[in-house]
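Here the structure comes first, spelled out in structure tokens, and everything after it is commentary.
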Amino acid sequence: MHALGVLLMLPTILTGGEVVESLSLGAGSSETRRFDLETNRRIAEFTFTEWQGNDNARLQKVFKDFFRLAEFATDRYKQLWVSDDKFVLKYLRSGSSVYSATHKSRNVWEEFSGKYPTIERVGEYFRLHADNVHICVYGRDNASL
């Protein structure tokens with residue numbers, strides 16, 4: 001599902017002269033494929049979820065993706081693509097614990113707590129980086145560069 005979704009999205013979001021440098025269609029990331037999509041203009045993660053309102057595990061993954069995008073040093077446009085931003089933004093602005101959002105990914109928790117020892121809430125971190133990572137909605141924000 002994820003691979004097909006990314007492949008179907010590409011023609012609708014790529015802009016003239018944009019060149020795909022890396023495309024990760026499998027689960028997870030690696031040193032060479034850090035994000036779902038890397039082009040000469042953007043880095044992006046995609047989440048294909050029909051939000052139900054009680055999606056804690058999926059929302060925690062969204063926070064992890066947001067964190068990875070926010071912390072990646074690049075001048076390229078950073079995007080987190082979702083099917084609907086209502087629940088995503090509510091969670092990212094919330095008082096949910098960063099520990100609960102990251103503890104299942106030990107390396108993410110360790111990186112986060114080492115860099116931001118005083119930030120305890122997801123919303124605190126989101127406010128710091130909301131202008132650097134763009135939350136995009138399929139069908140609404142296509143070709144937004």
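Note that the numbering runs from 1 along the sequence shown for the chain. These values consider heavy atoms only, across backbone and side chains, with no hydrogens, waters or symmetry-generated copies.
Close placement of the Tyr77 and His134 rings is indicated, their centers lying within 6.0 Å of each other. Annotation: Phe63 is in aromatic contact with Tyr125 [ring centroid separation under 6.0 Å].
Partners of Asn40 according to the side chain to side chain contact (heavy atoms under 4.5 Å, CB included) rule, which considers only residues two or more places apart in sequence or in another chain, are Glu18, Val19, Glu21. Thr74 meets the side chain to side chain donor-acceptor pair (under 3.5 Å) test with Arg76; sequence neighbours excluded. Every residue two or more places apart in sequence or in another chain that forms a salt bridge (charged side-chain N to carboxylate O under 4.0 Å, His left out) with Lys61 is listed here: Asp65. Judged as a ring-ring contact (aromatic ring centres under 6.0 Å, His included), and not counting sequence neighbours, the contacts of Phe72 are Phe35. The side chain to side chain contact (heavy atoms under 4.5 Å, CB included) search around Glu111 returns Phe67, Glu71, not counting sequence neighbours. Legend: residues meeting side chain to side chain donor-acceptor pair (under 3.5 Å) with Ser96, ordered by chain and number and at least two apart, are Ser94. Take His103 and apply the side chain to side chain donor-acceptor pair (under 3.5 Å) test, not counting sequence neighbours, and it matches no residue. Under the rule for a salt bridge (charged side-chain N to carboxylate O under 4.0 Å, His left out), the partners of Glu110 that lie at least two apart in sequence or sit in another chain are Arg106. Remark: Ser113 engages no residue in a side chain to side chain donor-acceptor pair (under 3.5 Å) (not counting sequence neighbours). Residues passing the side chain to side chain contact (heavy atoms under 4.5 Å, CB included) test with Leu10 are Leu7, Leu14, Leu23, Leu37, sequence neighbours excluded.
In this structure, Ile13 CD1 and Arg41 CZ are separated by 12.5 Å, a value rounded to the nearest 0.5 Å. Taking CG from Asp141 and CD1 from Ile135, the interatomic distance works out to 10.0 Å, rounded to the nearest 0.5 Å. A distance of 7.5 Å separates CG in Asp36 from OG1 in Thr47, rounded to the nearest 0.5 Å.
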Step-by-step side-chain contact (heavy atoms from CB on, under 4.5 Å) determination, Glu45 to Val133: CA-CA 10 Å; Glu45 285 289 320; Val133 178; over 6 Å; no
Full working for side-chain contact (heavy atoms from CB on, under 4.5 Å) between Tyr99 and Glu120: CA-CA 7 Å; Tyr99 176 76; Glu120 297 180 2; over 6 Å; no
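When all heavy atoms of Glu124 and Arg121 are compared, the closest pair comes out as OE2-N, 2.9 Å. Considering every non-hydrogen atom in both Phe48 and Gly5, the closest pair reads CZ-C, 3.3 Å. Between Thr39 and Val20, the shortest heavy-atom contact is CG2-CA, 4.1 Å. Taking both residues in full, the closest heavy atoms of Val62 and Val88 are given as CG1-CG1, 3.8 Å, listed atom of the first, atom of the second, then distance. Between Ala101 and Val122, the shortest heavy-atom contact is CB-CG2, 4.1 Å. Across all their heavy atoms, Glu50 and Ser83 have their closest contact at N-OG, 4.4 Å.
Side-chain atoms of Ser97 come within 3.5 Å of backbone atoms of Ser100 as a donor-acceptor pair (strictly under, hydrogens ignored). In this structure, Lys78 contributes its side chain and Asn132 its backbone to no donor-acceptor pair below 3.5 Å. No donor-acceptor pair closer than 3.5 Å links the side chain of Lys64 to the backbone N or O of Ser105.
Residues Val82 and Leu89 share a hydrophobic cluster, clusters being chains of Ile/Leu/Val/Met/Phe/Trp/Tyr side chains in contact below 4.5 Å. A continuous path of Ile, Leu, Val, Met, Phe, Trp and Tyr side chains, each step under 4.5 Å between heavy atoms, connects Leu80 with Leu128, placing both in one hydrophobic cluster.
The list of salt bridge (charged side-chain N to carboxylate O under 4.0 Å, His left out) pairs with a residue in residues 85-94, not counting sequence neighbours, reads Asp85-Arg140. Applying the salt bridge (charged side-chain N to carboxylate O under 4.0 Å, His left out) rule to pairs touching residues 2-17 yields nothing, sequence neighbours excluded.
Aromatic ring pairs are classed by plane angle as parallel below 30°, tilted from 30° to 60° and perpendicular above 60°; the pair Phe112 and Tyr116 is tilted. The aromatic rings of Phe46 and Tyr138 lie parallel to each other, with less than 30° between the two planes, well short of the 60° mark.
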